[in-house]
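Just below is one structure, and these are the notes that go with it.
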Amino acid sequence: MRISIFKRLFGKVEAGQQAATAVGAFGKHPAWADHVEFLGTPDETLVRFQGALYQRGIAGNVESGAWDRLDASQRVEGFDHALVWWLGERMVVARLWSSVDGKGRGKYPMVACVNAPTATPESTLARALELLEGLKGEIQRAGTQDEVRRAVERAGVEARALDAFSSSREGGGGATATLRGPAIAELARVVNAPDEPQAFARAMYAMARETPRGCRCAEPAGGLPSLWSGGRTGSQPAGGAGGTSGDGGTGAAWGAEGSSRAVTVRLPAGWPDAARSLGGWLAVVLTQLRPGCGPGGVGPYMLIASSSAKDRSGGWVDLIVGEPQAQSLLGLSASDAVVPISSRVPYTLEPEFMTRIDQLVSTAEGRAHVDVAVSAPRSGRLFAGKARMVLLAGLAAAVVGVAGPAARSAAMAVQPAERDPSRSGVQYNTLLEQFRDSLAAPDMDDDRARELVTRFITDVGALPGGVLYLREVDEFVDSLREALAVADGTRAPADAGRIGPGVLSGTKHEVLSAERVRFSLPVSTGRMSLEFFKVTIPGRAAPVWMGTTEVTAEQFSEIVRSFGSWEDLHRLMPAFRQDEDERQGPRVWRWQWTRRAGAADSVAMGLEAAAEWLRRSELAGAGDMYASGMDPGRPAMTMPMQHIPPDAALYVAQLVRCRLVTREEWGAAWELHRGGFEPKSANLRDATWGAHRDHLAARGAVGRRLPSADAGAFVPTLETDTDRQVWDSNDGVLWLSPADGGAEGGVGGIAGSLAGNVAEFVVELPVDADLTSARSIRAALDANPRAVFVAGCSAIGPAGDPGKAVAAVLSEAREGYADVGFRLAFSGVGEGPDSLVRRLTSLMDPLPLLRRSP
């Protein structure tokens with residue numbers, strides 16, 4: 001029977017009625033600038049699930065830094081999980097996967113979920129996961145918010161078939177669910193292995209130890225034997241904590257009686273197929289644990305299968321008994337080095353317990369079906385008091401299409417708790433306003449300001465709800481601590497956390513020395529480092545910070561993917577199709593082509609390393625390209641980005657709050673580092689290039705037409721006889737070398753990077769030029785066609801003065817050169833004395849109030 005949305009939200013669901021199946025989605029998607037609010041049917045169960053999994057569980061681990069503190073051996077990178085949350089007459093089936101928002105932040109996943117009936121759990125679970133897998137693909141392919149919403153709506157229509165496919169039945173004591181008896185036997189066989197014959201028994205023993213006594217069924221459903229009704233079950237391995245009990249475990253993991261903390265048991269997966277693994281363990285849980293039990297008498301069960309670890313050595317299913325919290329969901333990104341798989345813990349199992357395991361497996365295999373009682377709140381009242389009214393008002397408004405951002409946010413933020421969840425956020429904002437007002441006192445000095453900062457940080461740390469660990473608060477408190485460090489004489493160069501890439505949300509900075517700083521930017525693949533060195537310009541109050549290397553093709557691609565738009569970049573790049581790449585000279589990169597749903601043509605949506613350096617000549621074979629014994633190597637994304645117009649370089653620079661270098665700055669940087677210049681280690685046009693030029697001349701003499709050795713290179717307009725300009729050195733490299741040399745600044749240190757590998761664009765636009773978009777960048781260069789120069793030398797361009805910048809013709813530069821890249825730069829702040837009061841006051845404008853309740 002279908003129930004109106006208002007009756008579901010505001011009224012009780014009478015006995016025998018059941019909410020219709022609903023589909024929802026939330027999390028991170030590139031079409032949204034931040035979190036995706038709940039999409040789909042405003043279903044109370046799914047909103048409760050979102051609060052438990054996402055707002056408390058995942059957000060709790062992200063904001064507290066729990067996952068960041070795990071080292072590489074302890075962490076499973078990314079999200080790729082399937083789960084089922086058993087609530088009795090309903091269950092939530094969900095699919096999680098790694099995703100990013102429009103700003104490239106990827107610490108949270110995208111989640112698709114369905115609220116499904118539980119009469120036939122295994123088959124419904126499999127069908128629901130199949131539906132969600134299809135929805136995942138549609139969401140990943142969607143490029144706009146409307147496309148995502150339509151995909152969720154279509155899935156919601158398809159999901160209604162689950163209601164017809166599975167309807168609950170009333171048994172003697174209430175609703176029942178029907179399980180396949182052989183599922184337990186099949187799970188035991190696949191979990192056990194020749195080298196782990198007791199794996200299933202150990203996992204069952206761990207379940208016995210971790211669950212409270214009141215949760216265990218003395219008389220399991222369907223006549224199956226109980227594993228823990230009397231007798232010793234086993235003992236812990238040597239060195240284990242705690243002891244044994246006559247009923248098969250202490251249940252001490254719950255802490256004191258009545259504690260609301262959930263517990264987690266990591267079980268072996270069994271099968272690579274998540275639906276089958278979840279179905280098998282769900283059958284075990286529902287036949288061996290009492291329905292509706294749990295800490296404090298509240299008893300949802302959640303089973304989470306990690307799809308990122310398919311084999312026996314890494315596959316697992318996490319069982320959570322009780323309402324999930326951050327600590328119980330640590331396992332989403334924690335490996336078995338942190339949460340051990342219970343089947344590998346060397347418990348000593350008693351013979352009687354092993355006998356019960358054998359009885360359970362053999363009895364289950366002989367039962368075609370097992371009926372189990374289910375328990376669920378009949379009223380559907382999952383929230384209480386004021387919190388419920390806020391949730392219902394927001395959801396009802398969303399249904400009739402009148403909910404504004406405030407109403408939707410209120411519905412999103414509600415958690416099933418008696419206290420007002422926004423209280424600690426209000427308290428923080430009050431402390432912040434008091435701090436600002438005190439700092440503005442006319443007689444405020446640095447000593448009193450230092451006391452104010454210390455007291456404010458202490459007071460924030462004492463607020464409930466872990467406010468101090470929220471990202472916005474954590475970043476602001478870090479800024480306060482940095483201001484104190486500056487006042488105490490430990491000065492961060494150029495206030496790195498507040499200028500250049502440091503202003504990007506989520507970016508971290510590390511002061512390497514007074515002359516060097518490194519930024520770690522959040523990108524789609526994790527973290528990307530950009531390192532800068534300081535250059536002091538005579539007559540300028542503030543220094544300039546320049547990249548220690550040219551921007552690599554990999555960095556270029558990640559910046560666009562994480563902070564920009566491929567469509568915007570395409571407007572600034574020379575056009576060429578997938579099979580019509582006519583670029584001259586060596587090529588480091590090529591487009592990654594893809595076809596969007598409904599589009600007739602492929603579009604370029606990324607970069608990858610070129611398959612080979614040169615476009616093949618129609619009149620020459622592969623054996624003609626290089627002299628015998630010459631190995632040009634292969635292109636790599638760690639090499640400098642080249643073949644780009646200055647417009648694209650400016651676009652990428654502004655995405656990370658940088659700009660390009662000017663001629664004056666280039667000259668100052670060269671003077672600072674020219675003492676470390678060694679032509680042999682700078683990758684210049686040298687003897688290797690000369691040998692290639694001579695080989696091409698010889699092949700041309702016999703009618704083999706091949707690209708010239710400096711094809712695609714930048715050649716100054718007034719230069720003549722450039723073919724003879726070769727450096728008197730030999731580094732053995734013909735084309736380009738990797739630029740990512742780390743602390744040494746790439747090829748031959750900073751001096752070698754400035755002098756060779758690729759030359760670089762330097763641009764001198766008016767200070768008020770608008771460079772905030774692809775359109776405005778092109779307009780700024782159109783208005784200033786003489787603003788573009790090329791500085792330094794390269795591996796294929798003519799020899800010259802590395803410290804000199806020469807004019808480029810804008811129309812030619814926009815075609816891109818094979819040997820010209822670019823370097824990031826940003827201006828620092830004054831190095832003069834500054835008071836602590838002034839620094840703190842600047843941090844208060846605008847006042848960084850906490851906008852979202854913790």
Side-chain angles (χ1 to χ4, degrees), residues 512-518 530-538 543-552 586 633 638-642 660-691 709-710 713-716 719 722 724-762 789-806 808 817-825:
L512 304 177
S513 71
E515 312 296 325
R516 194 78 66 91
V517 63
R518 179 187 297 137
L530 296 175
E531 195 167 316
F532 294 80
F533 66 97
K534 184 170 74 172
V535 180
T536 301
I537 311 295
V544 62
W545 293 83
M546 293 171 53
T548 54
T549 71
E550 311 94 339
V551 172
T552 68
T638 54
M639 294 172 179
M641 185 65 183
Q642 34 83 277
L660 300 192
V661 180
T662 67
R663 285 182 293 173
E664 180 184 36
E665 292 164 351
W666 182 275
W670 177 248
E671 289 301 319
L672 180 64
H673 289 279
R674 67 183 305 168
F677 173 53
E678 295 182 5
K680 184 177 181 179
S681 61
N683 191 20
L684 293 161
R685 180 200 270 197
D686 54 15
T688 299
W689 182 89
D710 59 358
F714 170 75
V715 178
E719 292 285 345
T722 59
R724 312 314 322 167
Q725 296 178 15
V726 179
W727 288 83
D728 186 19
S729 60
N730 191 11
D731 59 9
V733 177
L734 176 58
W735 302 130
L736 302 183
S737 296
D740 56 345
E744 294 305 314
V747 176
I750 292 177
S753 176
L754 292 169
N757 216 8
V758 291
E760 300 174 35
F761 283 124
V762 297
F789 302 82
V790 173
C793 302
S794 74
I796 63 175
D801 182 357
K804 183 180 179 181
V806 297
Y817 298 108
D819 67 334
V820 178
F822 69 102
R823 182 181 307 257
L824 299 174

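Every heavy atom of this structure was used, including side-chain atoms; hydrogens, water molecules and symmetry mates were not.
- Under a 4.0 Å N-O distance rule, the pair Arg685/Asp819 does not qualify as a salt bridge.
- Judged by distance alone, the side chain of Asn757 and the main-chain N or O of Ser737 form a donor-acceptor pair under 3.5 Å.
- Shown here are the side chain to side chain contact (heavy atoms under 4.5 Å, CB included) partners of Val820, two or more places apart in sequence or in another chain: Phe714, Ala759, Phe761, Val790, Tyr817.
- Considering only heavy atoms from C-beta on, Phe822 stays 4.5 Å or farther from Val758 through its side chain.
- Put simply, the side chain of Trp545 reaches to within 4.5 Å of the side chain of Lys534, judged on heavy atoms.
- For Ala691, the side chain to side chain contact (heavy atoms under 4.5 Å, CB included) partners two or more places apart in sequence, or in a different chain, are Met630.
- For Ala818, the side chain to side chain contact (heavy atoms under 4.5 Å, CB included) partners are Pro586, Gln642, His643, Ile796, not counting sequence neighbours.
- For residues 674-683, the set of pairs meeting the salt bridge (Lys or Arg N to Asp or Glu O under 4.0 Å) definition, not counting sequence neighbours, comprises Glu671-Arg674.
- In this structure a side-chain-to-backbone donor-acceptor pair under 3.5 Å is missing from Trp666 to Ala805.
- Expressed to the nearest 0.5 Å, how far OG1 of Thr548 lies from NE2 of His673 amounts to 9.5 Å.
- Listed here is the closest heavy atom pair of Gly756 and Glu550: O-OE2, 3.4 Å.
- Legend: residues meeting ring-ring contact (aromatic ring centres under 6.0 Å, His included) with Phe789, ordered by chain and number and at least two apart, are absent.
- In this structure the side chain of Val661 reaches within 4.5 angstrom of the side chain of Met546, judged on heavy atoms.
- Between Leu530 and Arg518 the shortest side-chain heavy-atom distance does not fall below 4.5 Å.
- In this structure, the ring-ring contact (aromatic ring centres under 6.0 Å, His included) partners of Phe677, at least two apart in sequence or on a different chain, are Trp670, Trp727.
- The minimum heavy-atom distance between Ile537 and Ala668, with the atom names listed, is CD1-CB, 3.5 Å.
- The shortest distance between side-chain heavy atoms of Val551 and Leu824 falls below 4.5 Å.
- The two residues Gly797 and Ala713 come nearest to each other via the heavy atoms CA-CB, 4.1 Å.
- Between Asp731 and Asp686 there is a side-chain heavy-atom pair separated by less than 4.5 Å.
- Asn730 meets the side-chain hydrogen bond (donor to acceptor under 3.5 Å, both in side chains) test with Thr688; sequence neighbours excluded.
- Using a 4.5 Å cut-off on side-chain heavy atoms (C-beta onward), Val762 and Leu660 make no contact.
- Every residue meeting the salt bridge (charged side-chain N to carboxylate O under 4.0 Å, His left out) condition with Glu760, not counting sequence neighbours, appears here in chain and number order: Arg823.
- Qualifying side-chain hydrogen bond (donor to acceptor under 3.5 Å, both in side chains) partners for Trp735, counting only residues two or more places apart in sequence or in other chains: Tyr626.
- Residues Ser753 and Pro640 have side chains not in contact (no heavy-atom distance under 4.5 Å, counting atoms from C-beta outward).
- Between Thr552 and Ala739, the shortest heavy-atom distance links the atoms CG2-CB, 3.9 Å.
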